[in-house]
Amino acid sequence: MSMRQTPLVEIRNLKKYYPITKGLLKRTVNHVKAVDGLDFTIYKGETLGLVGESGCGKSTTGRTILQLLQPTEGEVIYEGKNLVGMKPRELRKLRKNMQMVFQDPYASLDPRLTVGEIIAEPMEIHRLYAGKEKDKRVDELLEVVGLSSYHAKRHPHEFSGGQRQRIGIARALALEPQLIVADEPVSALDVSIQSQVINLLQDLQGQFGLTYLFIAHDLSVVKHISDRIGVMYLGRMVELADKHDLYDTPLHPYTQALLSAVPVPDPLAKRERIVLQGDVPSPANPPQGCTFHPRCQACMEICKTQRPKWTEVDGRYVACHLYE
Amino acid sequence: MSQIDLALQQDESTSEHAYASRSQWKMMVSRFKKNKRAMVGFWMVVFCVTVALLAPWVAPYDPIEQNMQIMLEGPSLSHPFGTDEFGRDILSRIIHGTQISLMTGIVGVLIAVILGVALGTISGYFGGLADTLIMRIMDIFMAFPSFLLALAIVSVLGPGMINVMIAIGIFSVPTFARLSRSSVISIKDKEYIEAVKAMGGSNLHIIIKHVIPNSIAPIIVLSSMRIATAIITAAGLSFLGMGAQPPTPEWGAMLSTGREYLRVAPHVSTMPGLAIMFLVLGFNMLGDGLRDALDPKMKL
């Protein structure tokens, strides 16, 4: 565990607020706190899974780390350089080290380009390869992701969802990145195809030494692929731990509830299902103190007033008053 | 043996490729061909373009040569469309006029497309202050009745066909700007645009390579319809004496001079009128057909 602890990306106090404006003058009356203060590190070569309900800010986190969305506050330190507030020109150069695989394979490929053009585009932007060499590299990449070189001349609409996702992965690999942010890369695919794509991602990780930030809401998928898992709730991270620790002994009450929802493929198994009461509060108006307290089974007086600190407990992190 | 194999393989892959990349285009062409009205419009336009290109050879007479002995003669075998007040052959004048009308229509709309798409794309893609500024200026233009606006622009620039083209271009800019803005907005947040941003593409690269190609379909349709409007407007301006100057054989100007002889020689203004109708109808039907063929769901 400790030998691979070279940080690749350090995220410090990352926040992304969206202003809510009102009236003719567009006065800002409030903020939607999509991401509200994240602190974590992505280590080289690992897969960090990010789970949470829809709307908890997982995707926003991925996009803010890549600076596709401008963070409101905080730092994203990539190999010693802070990406936040970096000059656009400088940032564009660094972008080749971090790529993204998108959720919707139907929307993430330009329908007017051929697959070859799509995969070659990042190389053209960074002027990495040209002419014959570029074509060769496109063929290589297609084969790496399990497609064939003759696919290069086709258009995206001729492929199935799983194949398109492979094209998206080939495009992400074209620049030989270190970090790939995978934003729910399999949730739009059939279950049978999901495992193929997951296995492909794992193979590629071994082959190219990639680091993944894997965003998903499917707990079993995340468990399968991740080394460590971060659990998000309402724009904040509530727990971050090694996947075995997390699944065996979840600390945070929210993680416990979340994990109890995973179906167990054994009809006789005794399950203790923790059913959360109520809905996720609005991120524009999160509850005082611990944002989870209105739905928490272990809620104490202090939870209603004080926001729990992000603390380290036995090599894992949790934000809960139970463990302070 | 291996060479044959290779050749076979190559053949297979190229034919597959040809099939694949053509399928979308083929579908569009077949949709267009099935549409009878569109095909009629298409051939009307093709006919006019051919006539315009071959004008010096197909026109039986010189369009500006006067012959006072045969003034205002009705249609006959030697002059199928009759002659005008100076004894000029109306058929020849209409044939030469096709060049002018097509030219004004196409150049005028081209100016509008270039300016309109540029402004619309900037305002749709960047939004914010640029958007507000550009679109409010477009609103000001749109507040004027379009023909009056064209007339005002020509009055400022002075009469002449070049100025008519500029006027037509300018008064069509807001329509194109609005349309391209809305279609840019609908695609700028697509994930494939975000993917290009993530790989480090500059805004210019994104706009030229992805935003414009993906938002151009409705622009093409609108262009073919606006050419019709442009031709009518140009004829209208010439009718009012602001466009082509005599003795240029411009349809609108011909219509205008023929007006004086409407009682004695109605063909003098009827014939150019029919020509305008023919060309405009052709472009409108072509445009409708293009819209249906390019995207049956498109609302325009």
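Order of the sequence lines fixes the chain letters, A, B, ..., with proteins taken first and strands second; residue numbering starts at 1 for each chain.
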**Student:** Enumerate the residue pairs fulfilling ring-ring contact (aromatic ring centres under 6.0 Å, His included) with a member in residues 125-147 of chain B, sequence neighbours excluded, ordered by first and then second residue.
**Tutor:**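 Checked against ring-ring contact (aromatic ring centres under 6.0 Å, His included) - neighbours excluded - no pair reaches residues 125-147 of chain B.
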**Student:** So do the side chains of A:Pro156 and B:Tyr192 get within less than 4.5 Å of each other, counting heavy atoms only?
**Tutor:**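 Result no, sub-4.5 Å side-chain heavy-atom pair not found.
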**Student:** Might you confirm whether atom CZ of B:Phe47 has over 12 heavy atoms from other residues, nucleotides or ligands at distances under 6.0 Å?
**Tutor:**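 No, not enclosed.
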**Student:** Do the side chains of B:Met199 and A:Gln99 get nearer than 4.5 Å, heavy atoms only?
**Tutor:**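 Contact flag for A:Gln99/B:Met199 side chains = yes.
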**Student:** What part of A:His151 gets closer than 4.5 Å to chain B, counting heavy atoms only: side chain, backbone, both or neither?
**Tutor:**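 Neither the backbone nor the side chain of A:His151 comes within 4.5 Å of chain B.
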**Student:** Please assess B:Glu194 against A:Arg63 for the test side-chain contact (heavy atoms from CB on, under 4.5 Å), listing each intermediate value before the final yes or no.
**Tutor:** CA-CA 10 Å; B:Glu194 207 177 9; A:Arg63 283 174 162 78; 2.5 Å; yes
**Student:** Is A:Arg171 salt-bridged to B:Glu191, going by a charged N under 4.0 Å from an acidic O?
**Tutor:**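 A salt bridge is absent here (no side-chain N lies under 4.0 Å from a carboxylate O).
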**Student:** Which heavy atom of A:Ser108 sits nearest a heavy atom of B:Ala195, and at what distance?
**Tutor:**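 Heavy atoms of A:Ser108 and B:Ala195 come nearest at O-CB, 4.3 Å.
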**Student:** If you count the non-hydrogen atoms of other residues, nucleotides and ligands that lie under 6.0 Å from CZ in A:Arg89, is the total more than 12?
**Tutor:**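 Atom CZ in A:Arg89 is not crowded, with 12 or fewer foreign heavy atoms closer than 6.0 Å.
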**Student:** Quick one: list whatever passes salt bridge (charged side-chain N to carboxylate O under 4.0 Å, His left out) with A:Glu117, sequence neighbours left out.
**Tutor:**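 Salt bridge (charged side-chain N to carboxylate O under 4.0 Å, His left out) list for A:Glu117, sorted by chain: empty.
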**Student:** Is A:Leu68 in contact with chain B via its backbone, its side chain, both, or neither, using a 4.5 Å heavy-atom distance?
**Tutor:**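 Contact with chain B is through the side chain of A:Leu68 alone.
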**Student:** Output the option from A:Ala174, A:Gly168, A:Ala172, A:Pro122 having the highest count of non-hydrogen pairs under 4.5 Å with chain B.
**Tutor:**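 Result: the option with the highest number of such pairs is A:Pro122.
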**Student:** So what's closer than 4.5 Å to chain B heavy atoms on A:Glu124: side chain, backbone, both or neither?
**Tutor:**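 Side chain of A:Glu124 only, per the 4.5 Å heavy-atom cut-off to chain B.
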**Student:** Looking only at heavy atoms and a cut-off of under 4.5 Å, which of A:Asp104, A:Ile118, A:Leu113 has the most pairs with chain B?
**Tutor:**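 Most heavy-atom pairs under 4.5 Å with chain B: A:Asp104.
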**Student:** Under 4.5 Å, heavy atom to heavy atom: which of residues 201-216 of chain B reach chain A? Give them by number, or say none.
**Tutor:**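 Residues B:Gly201, B:Ser202, B:His205, B:Lys209, B:His210, B:Pro213, B:Asn214 are the ones that qualify, each having a heavy atom under 4.5 Å from chain A.
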**Student:** Is atom CD of A:Glu143 surrounded by more than 12 heavy atoms (other residues, nucleotides or ligands) closer than 6.0 Å?
**Tutor:**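 For A:Glu143, atom CD is crowded (more than 12 foreign heavy atoms under 6.0 Å).
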**Student:** Output all residues satisfying ring pair (Phe, Tyr, Trp, His ring centres under 6.0 Å) with A:Phe40, sequence neighbours left out; order by chain, then residue number.
**Tutor:**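 Not a single residue meets the ring pair (Phe, Tyr, Trp, His ring centres under 6.0 Å) criterion with A:Phe40.
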**Student:** Would you check if B:Ile193 and A:Asp110 make a side-chain contact, meaning some heavy-atom pair closer than 4.5 Å?
**Tutor:**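 Counting from C-beta outward, B:Ile193 and A:Asp110 never come under 4.5 Å.
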**Student:** Tell me whether the count of non-hydrogen atoms from other residues, nucleotides or ligands lying under 6.0 Å of CE in B:Met39 goes above 12.
**Tutor:**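 It does: B:Met39 CE has more than 12 such atoms within range.
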